[in-house]
Amino acid sequence: MSPTTSSAANIAFAELGLAPELLKTLSELGYEEPTPIQAAAIPLLLEGRDLLGLAATGTGKTAAFALPLLQLIETGQAVPSALILVPTRELAIQVAQAVHRYGKGKGVEVLPIYGGQSFQQQLKVLKRGVDVVVATPGRALDHIRRKTLRLGSLSVLVLDEADEMLDMGFAEDLEAILAEVPPARQSLLFSATLAPRIGKIAAKYLRNPVEVRITAEAETLGDGPLVRQAAYLVRRPHKLAALGRILDIESPDAALVFCRTRNDVDELVEALNGRGHRAEAMHGGMSQEERDRVMNKLRKSTIDLLVATDVAARGLDISHLTHVVNYDVPSAPKAYVHRIGRVGRAGREGVAITLAEPREHSLLKNIERLTKQKIVVEALPTVADLKARRLELTRASVRESILEGGLDQFRVVVESLSDEFDLFDIASGAVKMGHEAMLTGGESDDEEIPVTMPPRGKNKGDSRSSTAGKRGRGRTPAVTRVFVSVGRASGVRPQDLVRAVTSASGIDNRQIGSIQISERFSLIEVADDVVEHVLKSLRRAQIKGKKVKVRLDKPR
Ligand code: AMP
């Protein structure tokens, strides 16, 4: 039996009390069903309740507050009806875009305001009249003090990523802003953690709030150990290339690739097919006939990639599935468990791969905590790995071809060339031809994909002056490059180096950054605070059976 969720647990957007125009927009965006935080928060927010939401980025929390807000606020007034405070400029832009997207049926005017941007430009738009302002606290306060941002008509206030705002030293600014807003407004506070400071703000400024947390209960993974769970941290613009590379290395017999929305599914299918893969879509917008046709293709191996939304994949039974790929981190641990429960069944081995954006690293941690299983963050296969893997496949094909026999008619070609060339060269030339013929066309995309390391623990001591507006979430920690005297010539691959470093020094592979392998040496980035220890340990260790020279790389 495939693990399906009972339909009662899956509430539809239409049941949440949202207005038809918003439902239409959601359908156009390809959203098929609410995420858990949305299902829990939207009805309560539509009732006008204050809310304390414990949810990290990637859970769908932006829509959870933006949709009710858009439904409830007055639009077209001279002054804003809603203010959303966020910690960073990036988030201000991102949230403003989301509000704009969700509110397009209603024609809401949204303005992001943040430090570093021209004051005049912001003023011009504010004067014209905006409905929703999305701002970083410092710049919001500047405008409030200059009376260019008037909060007298504010009916909804959202503090998004409140813990992050406090970490960035915005506590005083927040207090000052909160003192200015009308007491009758609806207030929402979102935070990834419930630190005591968050509790204090909630107690002081929220009125009888409902508290919504996304599942705290553990999720069980059935045949868990048979599934290799890996994750790669990739920024959005590099996701497609990363996926292509992972698929090339893994060469799945059949893979189910999950996306969040119908639109994402369609886009990814097109992009994958454009790169020489054989993929088809499966989503809620398709008729039963279309779905059956796609499933048949998968069963007959006419395609090997099925790209699906959670809703569409429910109840599908694909017996020969070898891989599940999460193109986006699922919005809740439960969805993760359902997705990867589709491989590693009936005693077969399976692979579950998750592509996460660096800022979504905390979602992975959340899933690990609730499933009590490790998801190993791996270094993305390099172009060199890919080349090696392709040669390996060619080697296997040549071997098969030899074993199959029927070579007699080709011997004459070899003989006739043997006067002129060495037999090794003749064989290599033939292998080259075969190898090139096997390439599918996606290889021109062997572009470099920057390697990202997961962020280490938060730096609580960060002072606001050094971080405000600059610190993107999931910023890359400080690293130092270590030189190691083995390279491609010794057959070293990135995974050999990762293994050598982790087993010699005992550090976590998350403390290793990008790895460059040259012909005779390699450069390994490791986190600053463990670099001395790594140097010492590697000097005693062997890589590929050899003692190696190890030292700090010269500064670039
Ligand atoms: P957030 O946690 O608000 O940063 O949202 C994470 C991502 O999930 C965004 O790219 C949203 O567009 C997407 N998203 C939010 N809600 C849904 C939903 N119900 N179905 C599909 N995608 C969603």
Side-chain angles (χ1 to χ4, degrees), residues 5 9-16 18 22-43 45 51 53-70 84 86-88 90-104 134 158-162 164 188 190-192 212-214 235-237 239 258-268 283-285 307-314 326-336 338-339 354-364 366-367 472-474:
T5 318
N10 299 306
I11 300 168
F13 272 117
E15 294 166 57
L16 302 180
L18 290 169
L22 291 174
L23 294 176
K24 182 162 167 273
T25 303
L26 291 174
S27 157
E28 281 165 10
L29 288 173
Y31 288 16
E32 299 198 325
E33 66 177 1
T35 65
I37 184 98
Q38 291 162 3
I42 291 174
L45 290 175
L51 180 118
L54 290 176
T57 180
T59 54
K61 69 178 160 68
T62 314
F65 68 74
L67 293 167
L69 176 155
L70 286 161
I84 302 169
V86 297
T88 62
E90 292 77 20
L91 201 60
I93 296 170
Q94 203 179 310
V95 169
Q97 282 170 343
V99 173
H100 178 75
R101 209 167 44 235
Y102 299 135
K104 85 179 191 329
V134 186
V158 182
L159 306 183
D160 191 15
E161 310 213 344
E164 197 83 3
L188 287 53
F190 286 88
S191 172
V212 174
R213 330 175 161 228
I214 60 155
R235 290 186 199 284
R236 182 149 288 276
K239 268 198 171 175
F258 282 98
C259 291
R260 281 201 168 128
T261 70
R262 226 153 50 206
N263 300 2
D264 292 346
V265 167
D266 285 337
E267 274 170 30
L268 186 58
H283 58 57
V307 185
T309 55
D310 288 295
V311 176
R314 238 168 245 149
N326 298 309
Y327 194 60
D328 296 295
V329 185
S331 57
K334 208 186 199 90
Y336 179 86
H338 283 153
R339 287 176 178 191
T354 304
L355 298 189
E357 289 184 56
R359 67 192 183 93
E360 290 171 332
H361 191 237
S362 72
L363 286 187
L364 290 179
N366 219 2
I367 293 169
R473 287 159 314 144

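Given the structure is predicted, the values throughout are model-derived calculations rather than measurements. Counting starts at 1 for both ligands and their atoms, following the listed order.
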Let me confirm one number: the [atom1]-[atom2] distance from [X] to [Y], rounded to the nearest 0.5 Å.
X      : Y      : atom1 : atom2 : result
Thr62  : Glu161 : OG1   : CD    : 8.0 Å
Gln94  : Arg359 : CD    : CZ    : 4.5 Å
Leu268 : Phe258 : CG    : CZ    : 13.0 Å
Ile11  : Gln38  : CD1   : CD    : 11.5 Å
Leu188 : Leu45  : CG    : CG    : 4.5 Å
Glu32  : Leu26  : CD    : CG    : 12.0 Å

[X] heavy atoms, cut-off 4.0 Å: which ligand 1 atoms fall inside?
X      : answer
Thr57  : 2 (O), 4 (O)
Glu33  : 18 (C), 19 (N), 20 (N)
Thr261 : 21 (C), 22 (N)
Thr59  : 2 (O)
Thr62  : 1 (P), 3 (O), 4 (O)
Gly58  : 1 (P), 2 (O), 4 (O), 6 (C)

**Prompt:** Do the rings of Tyr31 and Tyr102 sit parallel, tilted or perpendicular, given the 30° and 60° boundaries?
**Reply:**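 Because their plane-to-plane angle is over 60°, the rings of Tyr31 and Tyr102 count as perpendicular.
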What I want to know is whether [X] and ligand 1 share at least one N or O pair that is separated by under 3.5 angstrom.
X     : result
Pro34 : no
Glu32 : no
Phe13 : no
Tyr31 : yes

**Item:** Electrostatic pair Glu33:Arg314 at N-O distance under 4.0 angstrom
**Value:**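 So Glu33 pairs with Arg314 through a salt bridge.
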**Request:** Write out the residue and atom name of the closest protein heavy atom to atom 16 (N) of ligand 1, then the distance separating them to 0.1 Å.
**Result:**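 Here the closest protein heavy atom is Gln38 NE2, 2.7 Å.
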**Message:** Counting non-hydrogen protein atoms only, what is the nearest one to atom 10 (O) of ligand 1? Give residue, atom name and distance.
**Reply:**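 Of the protein heavy atoms, Arg260 NH1, 4.2 Å lies nearest.
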